[in-house]
> 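A single structure is presented below for examination.
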Amino acid sequence: MYAQGLIGADGKTGESPEFLEAFQKRIDAEEKIEPNDAMPEGYRKTLIRQIGQHAHSEIVGMLPEGNWITRAPSLKRKAALLAKVQDEGGHGLYLYSAAETLGVSREQMTEELHSGKAKYSSIFNYPTLTWADIGIIGWLVDGAAIMNQIPLCRCSYGPYARAMIRVCKEESFHQRQGYEIVMTLAQGTPAQREMVQDALNRWWWPVLMMFGPHDSDSQHSDQNMAWKIKRFSNDALRQKFVDATVPQGEYLGLTFPDPELKWNEEKGGYDFGPIDWDEFWRVVKGGGVMNRDRIRDRKAAWENGAWVREAALAHAEKRRQRAAEAAPIAAE
Amino acid sequence: MSGEVPLWEVFIRPRNGLSHKHVGSLHAADEVMALNAARDVYTRRGEGTSIWVVPSKAITASDPDQAAENFEPTAGKVYRHPTFYEIPDDVGHM
């Protein structure tokens with residue numbers, strides 16, 4: 001799960017016009033770029049940043065849902081949620097590997113997440129207050145992520161595109177399990193209905209923000225489109241998401257917290273109200289309810305796991321040495 | 001403890017009869033942990049029946065800058081393909 005317009009990428013690049021033109025030709029011909037190929041520094045930097053942010057989002061995204069594993073209402077829900085959270089961990093690992101092919105180390109990426117230098121999707125800085133949030137996250141947050149990620153399967157950078165194909169195959173389960181939770185609650189007792197409507201009310205706007213700033217305010221977007229790192233604009237994807245999602249909510253008798261939301265026959269899509277970008281930037285810059293907790297928990301996991309990594313390396317070294325000592329004897 | 005956890009390339013055989021195919025990479029302290037991690041990361045939904053892990057540093061790769069001299073000459077060697085040879089239809093399928 002993850003989607004968010006790339007924040008703060010700098011596509012500046014210093015190569016010769018001939019080099020850039022030859023590179024652009026390859027991109028325009030839909031040729032994939034592979035790890036050791038010559039590429040503009042700006043292309044490399046943008047991808048490292050984007051894939052890194054994406055990987056961090058998957059890993060941090062395990063926290064809000066992990067919060068509910070022990071309190072899932074049935075064994076079936078618990079097994080499904082465990083599998084989903086495990087998938088998110090897996091997605092993070094595919095993506096870190098893809099970023100590493102560009103010459104950045106895992107340690108460096110981890111360090112940048114912990115220091116706050118690298119961003120992750122700000123949707124995870126909102127708290128998961130009730131079980132209904134888990135349903136809403138699967139339906140809406142993963143749903144928004146799918147909208148954003150399907151075009152990434154055709155990204156010009158081969159390892160990223162391949163990782164995204166694996167991710168997208170798995171996301172569909174996430175969205176369906178979320179919608180099923182929402183459906184069960186929506187068809188349940190009045191208290192359950194109220195709980196799921198409350199969750200929808202709290203998550204709807206932050207989910208729309210996941211697609212990133214409006215196209216008119218989105219820096220570097222043109223360059224990323226030209227390089228085919230990005231295939232559709234933030235606003236186009238957001239519109240597509242709203243059009244797909246609103247009928248799914250109405251089917252369950254749920255309402256959306258936007259008085260301006262209505263079908264526009266002429267454009268063949270929904271109109272919706274203005275997004276509070278001040279809130280978006282406040283949360284991106286660290287002012288969300290959970291920003292501090294998320295980084296604190298990631299750091300704690302890393303630091304508390306240090307002895308395991310050290311022990312594993314020490315054990316591997318010991319086995320290597322024993323094998324080396326045993327080898328001459330065996331040869332005699 | 002100094003040193004980064006080594007990187008491994010993961011290859012999976014989707015089912016018997018097919019070759020192992022590169023699926024991605026991961027970090028692990030040794031080959032035993034690499035296999036365990038590969039199972040968890042890359043085969044959660046029946047993607048394979050066999051896994052290979054290879055230390056990434058053990059792979060020697062051709063240089064993309066030499067791709068032209070390595071691979072383009074074959075394009076000119078049309079006589080390596082069966083369609084280069086004219087055989088009368090009367091001879092039948094060959």
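The figures that follow rest on heavy atoms only: side chains count, while hydrogens, waters and symmetry mates do not.
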> Using side-chain heavy atoms (C-beta onward) and a distance below 4.5 Å, is Arg166(A) in contact with Val23(B)?
yes
> Of the non-hydrogen atoms in Ser25(B) and Ser97(A), which two are nearest, and what is the gap between them?
O-OG, 2.8 Å
> Is the side chain of Tyr94(A) donor-acceptor paired with the backbone N or O of Val41(B) at a distance under 3.5 Å, no angle test?
yes
> I'd like to know if Glu170(A) pairs up with Arg45(B) as an ion pair, taking the criterion as any Lys NZ or Arg NE/NH1/NH2 lying under 4.0 Å from an Asp or Glu carboxylate oxygen.
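So Glu170(A) pairs with Arg45(B) through a salt bridge.
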> Grab the two heavy atoms, one from Leu313(A) and one from Glu4(B), that are nearest each other, plus how far apart they are.
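Answer, listing the atom of Leu313(A) first, then Glu4(B): CD2-O, 4.3 Å.
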> Roughly how far apart are Lys318(A) NZ and Asp30(B) CG, rounded to 0.5 Å?
11.0 Å
> Which pair of heavy atoms, one from Ala316(A) and one from Ala29(B), lies closest together, and at what distance?
CB-O, 3.5 Å
> Do other residues, nucleotides or ligands put more than 12 heavy atoms under 6.0 Å from the CD atom of Glu69(B)?
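Check passes, neighbour count above 12.
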> CZ of Arg44(B): more than 12 outside heavy atoms within 6.0 angstrom?
yes
> Using a 6.0 Å cut-off, check whether atom CZ of Arg176(A) has over 12 heavy atoms from anything other than its own residue.
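Result for CZ/Arg176(A): open.
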> Can you see which heavy atom on Met33(B) is nearest to which on Ala312(A), and at what distance?
SD-CB, 3.6 Å
> Would you mind checking which part of Gln86(A) comes under 4.5 Å of any heavy atom in chain B, side chain (CB onward), backbone (N, CA, C, O), both or neither?
both
> Would you give the length of the straight line joining atom NZ of Lys169(A) to atom CD of Glu47(B), rounded to the nearest 0.5 angstrom?
7.5 Å
> If every non-hydrogen atom of Arg319(A) is compared with every non-hydrogen atom of Val32(B), which pair is closest and at what distance?
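Scanning both residues completely, I find the closest heavy atoms to be NH1-CG2, 3.9 Å.
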> Can you give me the closest heavy-atom contact between Val5(B) and Glu107(A), atom names plus distance?
N-OE2, 4.1 Å
